[in-house]
Amino acid sequence: MSDLYAQTRERVLAALTDAFPDLPEEVLARVEVVPPREEGRGEMASNAAMVSARAAGRKPAEIAAELARRLAGTPPIAAAEIAGPGFLNLTLDADAWRGVVPAVLAEGESYGDSDIGGGIAVNVEYVSANPTGPLHVGHCRGAVVGDALASLMEKAGYNVTREFYVNDAGNQVTALAWAAYWRYLEALGTELTQDEFAARIPGGLQYGGDYLRDVGRALAEAHGDAFAPGAMPADPEFWLDAVRDFAIAFLLETIKEDLARLGIRHDVFRSERALVESGAADRVIAALRERDLIYEGVLEPPKGKLPEDWEPREQTLFRATLFGDDVDRPLRKSDGTATYFANDIAYHAEKIALGAEILIDVLGADHGGYLPRMRAAVAALGGASFEVALCQIVHFQKGGEQVRMSKRAGTFVTVADLLEEVDADAIRFTMLMRKNDAQMTFDLDLAVSQTRENPVFYVQYAHARARSVLRAADERGIVPADDLETLRTLADPAEMAVLRRIALWPRLVEGAAQAREPHRIAFFLYDLASDFHMLWNRGRDDAALRFLIEDRPAETAARVALVAAVATVLRSGMQVLGVTPVEEMR
RNA sequence: GCGCCCUUAGCUCAGUUGGACAGAGCAACAGCCUUCUAAGCUGUGGGUCGGUGGUUCGAAUCCACCAGGGCGCGCCA
């Protein structure tokens, strides 16, 4: 838990409160110590003088001068100068930066762990794909973002639960049951044609995908023709529940397999059906009704184009408008059963009841319109804050052209298809190089290319290079230095740049976690990889800067320690993103 | 018609929650392999941060309006 930036900030705060004892907490909280944006402005910069100028009744420059006077020469601060409108630019003792190496080696991959999360219970719900088919590429980004966000928040000290909401209730799973039943009849060798069967059933055959053949065959193996004597359709009353449950369980299993191949594993799978059957939706509606948040009423017709079958109807409505939504929202369908929204309120209520203090829903952008009502619902429930990570649609590109996803053409529909083209590491890293709410184009050629333009490769290559050095060092019996005296041989600008980057890691983890932005981790890894490749190349140009030098044991031990620290931080970051740190490139 | 998200270099995108002259990678141009992996590295050029106002010591960042792109809009999930 060492963080050089945090330590330096403490020093600045101490100097500030010594000089100006009456500064209010809010002002102190705004004091930052950050890496400067550009070279030549010291090694750390603080806004302390500017944010406290008003409260202290002094000019920023005066405060900065006072701070500089008090701080300069007090370890780890070597020099302090005033710049611009009142910035305090600090230069640290080189030993302070070097000290990061033993800290990293001692802490290992837990270097960068933080406790800002304070053990707060966070529930991250992601993927939540309908169990009516294999995982679709449309779910991929949310799956990767949700998983990385969960890992990131764990690293920052939150107590995270990874959750998958199984939408196994409602009309769609009934339709699924019928479709699975058709494949079952097929497996039994029915005389009916698909069209004849489709004509007999409510709503027609809605799921025509081949993947249901497997479900049909498995049903036939497990149950023989018990649900369809003579391979002819029977009264659904005798089979519908069983076939539906069988199909859902089967497909959920394939979804879990797809997720596993992406390196994703949830802690909790919560069934909507179980929730409904437990009466949770009814209970939550009743509870809201007691607080006068539910009423029977008629909604205004929607603006713009009117749905063809629209007619005024009295419904059970939730007063979402009291909590910022545009309209009140229906909780019961005309047949009296709960709407998806009503069940979802019950689901979120359950997450809160089980202790979650922060609820994060990772959703596709097509659910954007659903947000205001869910936000309103959680606000009405109380007890937890509600956050959403919206993931914009991903377009895929190959050979310079956009890949059209079509079920009929049989290309690029499922995550399994995608995994045929690109491995999980490339998928994860590439998707995490973008902010989740920005549209992105996924270039399949780039993601598999072994060039610098491909960030996945670039970062993995850096790690492999570092490991290659460490293996060579190990063979020669070199022990990484952990004492400052030996590490003092690290002095080249490229070496110091790597040290400064590594020192930034804990601060970066905290910032990314608080902003809920895992993509920052990807960018950091890219930057660290870049620093390391640069350092490597210095050794190419100048033999004196190589890592392993036969007759210079001190330099060698120090540089091996630095390389080990780089490899450790790279691994630490890749772990958050769920990307494999490879030992060597083949 | 209304709501949410987005708009930064020719292209793909960052911008550390309001800080210093706006950054990186591609692409363009000029260099670097007797070596622990050149699958890489170094340098140069390139911007009215979609537009107009406002808030303040300070705005790509916050607010308002406008333009363009995406998503959504009662008893589907």
Side-chain angles (χ1 to χ4, degrees), chain A residues 32 34-38 41 45 47 50-51 53-54 59-60 83-87 89 128 130 132 167 169-173 272 298-305 307 309-313 315-317 325-337 339-341 343-344 364-372 390 392-393 433-435 437-441 443 446 449-455 457-458 461-462 464-465 468-473 504 507-508 510-512 514-515 517 519-520 523-524 526-527 530 533-541 543 546-549 563 584-585:
Chain A
E32 288 185 314
V34 303
R37 287 201 174 174
E38 284 167 54
R41 288 197 184 130
N47 61 353
M50 288 179 290
V51 297
R54 189 166 307 182
K59 289 179 181 164
F87 283 100
N89 288 345
S128 298
N130 296 337
T132 53
N167 300 139
N171 300 331
Q172 59 177 4
V173 287
E272 181 185 4
V298 180
L299 288 177
E300 293 289 308
K303 304 274 200 246
K305 58 177 199 289
D309 59 346
W310 195 89
E311 58 184 36
R313 182 191 297 281
Q315 311 180 87
T316 301
L317 298 167
D325 200 0
D326 304 323
V327 290
D328 293 335
R329 303 290 180 174
L331 297 178
R332 291 195 188 282
K333 306 181 205 171
S334 48
D335 66 1
T337 60
T339 58
Y340 178 82
F341 177 50
N343 291 336
D344 215 7
D366 55 341
H367 289 74
Y370 184 69
L371 285 188
L390 269 193
Q392 291 290 332
I393 302 284
M433 280 294 285
R434 297 283 173 271
K435 222 172 3 190
D437 55 1
Q439 291 104 320
M440 73 172 286
T441 301
D443 187 329
L446 180 61
S449 71
Q450 305 221 324
T451 66
R452 166 190 183 171
E453 298 142 55
N454 179 7
F457 169 78
Y458 190 73
Y461 185 37
R465 271 186 154 173
S468 153
V469 173
L470 295 175
R471 278 192 302 271
L504 195 55
R507 177 188 155 75
L508 192 113
E510 291 188 352
Q514 283 178 314
E517 290 185 351
H519 76 277
R520 291 191 195 179
F523 277 87
F524 173 86
Y526 186 82
D527 290 340
S530 180
H533 284 308
M534 194 183 302
L535 180 59
W536 177 289
N537 238 57
R538 298 273 288 141
R540 192 186 304 287
D541 296 339
R546 300 225 189 130
F547 299 126
L548 309 179
I549 304 175
V563 172
E584 53 187 333
M585 307 300 285

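Here is how names work: the chains are called A, B, and so on, in the same order as the sequence lines, proteins then strands, and each is numbered from 1. Every heavy atom of this structure was used, including side-chain atoms; hydrogens, water molecules and symmetry mates were not.
The separation of B:rC62 from B:rU37, taken at their P atoms, amounts to 47 Å, rounded to a whole angstrom. Separation of the P atoms belonging to B:rU35 and B:rA27 is 27 Å when rounded to the nearest angstrom. Taking atom C1' on both B:rG74 and B:rG18, the two are 42 Å apart, rounded to the nearest angstrom. On the C1' atoms, B:rU48 is 44 Å away from B:rC33, given to the nearest whole Å. For the P atoms, the distance from B:rC71 to B:rU44 is 42 Å, rounded to whole Å. Straight-line distance between the C1' atoms of B:rG43 and B:rU7: roughly 32 Å, to the nearest whole Å. Taking the P atom of each, B:rG47 and B:rG51 are spaced 15 Å apart, rounded to whole Å. Remark: the separation of the C1' atoms in B:rG46 and B:rC29 is 12 Å, to the nearest Å.
At the phosphate of B:rG74, neither OP1 nor OP2 sits under 4.0 Å from any side-chain N or O atom of A:Lys333. At the phosphate of B:rC36, neither OP1 nor OP2 sits under 4.0 Å from any side-chain N or O atom of A:Ser468. Regarding contacts with the backbone of B:rA38, a side-chain N or O of A:Arg465 is found under 4.0 angstrom from either OP1 or OP2. Here A:Arg434 does not reach the OP1 or OP2 of B:rA14: none of its side-chain N or O atoms lies under 4.0 Å away.
In textbook terms, a nucleotide whose glycosidic angle is within 90° of 0 is syn, while B:rU44, being further out, is anti. Glycosidic torsion of B:rC33 falls within 90° of 0, placing the base in syn.
Atom OG1 of residue A:Thr316 and atom CG of residue A:Asp328 lie 12.0 Å apart, to the nearest 0.5 angstrom.
Both distances falling under 3.5 Å, in either a Watson-Crick or a G-U wobble arrangement, occur for no nucleotide opposite B:rG18. Across all strands shown, B:rU44 pairs with B:rA28; the Watson-Crick or G-U wobble distances both stay below 3.5 Å. Remark: B:rA67 base-pairs with B:rU7. Criterion, Watson-Crick or G-U wobble with two distances under 3.5 Å. Remark: B:rU35 base-pairs with no nucleotide; criterion is Watson-Crick or G-U wobble with both hydrogen-bond distances under 3.5 Å. Under the Watson-Crick or G-U wobble criterion, with both distances below 3.5 Å, B:rA77 has no partner in any strand shown. Base pairing analysis places B:rC2 opposite B:rG72; the two distances defining the Watson-Crick or G-U wobble pair are each below 3.5 Å.
The base of B:rA20 is paired with the side chain of A:Asn89 by a donor and an acceptor separated by under 3.5 Å. Under 3.5 Å, the side chain of A:Arg313 and the base of B:rC75 form at least one donor-acceptor pair of N or O atoms.
Distance from the side chain of A:Gln315 is smallest to B:rG74 among B:rC5, B:rU37, B:rG74. Of all nucleotides listed (B:rA77, B:rU17, B:rG70), B:rA77 comes nearest to the side chain of A:Asn130.
Using a 4.0 Å heavy-atom criterion, one finds that A:Glu517 contacts the sugar-phosphate atoms exclusively. In this structure, A:Ala365 reaches the sugar-phosphate backbone alone: every heavy-atom distance under 4.0 Å involves primed, P, OP1 or OP2 atoms, never a base.
The shortest non-hydrogen separation linking A:Arg546 to A:Gly539 is NE-O, 3.2 Å.
Relative ring orientation between A:Phe341 and A:Tyr370 is described as perpendicular, the plane-to-plane angle rising above 60° on a 0-90° scale split at 30° and 60°.
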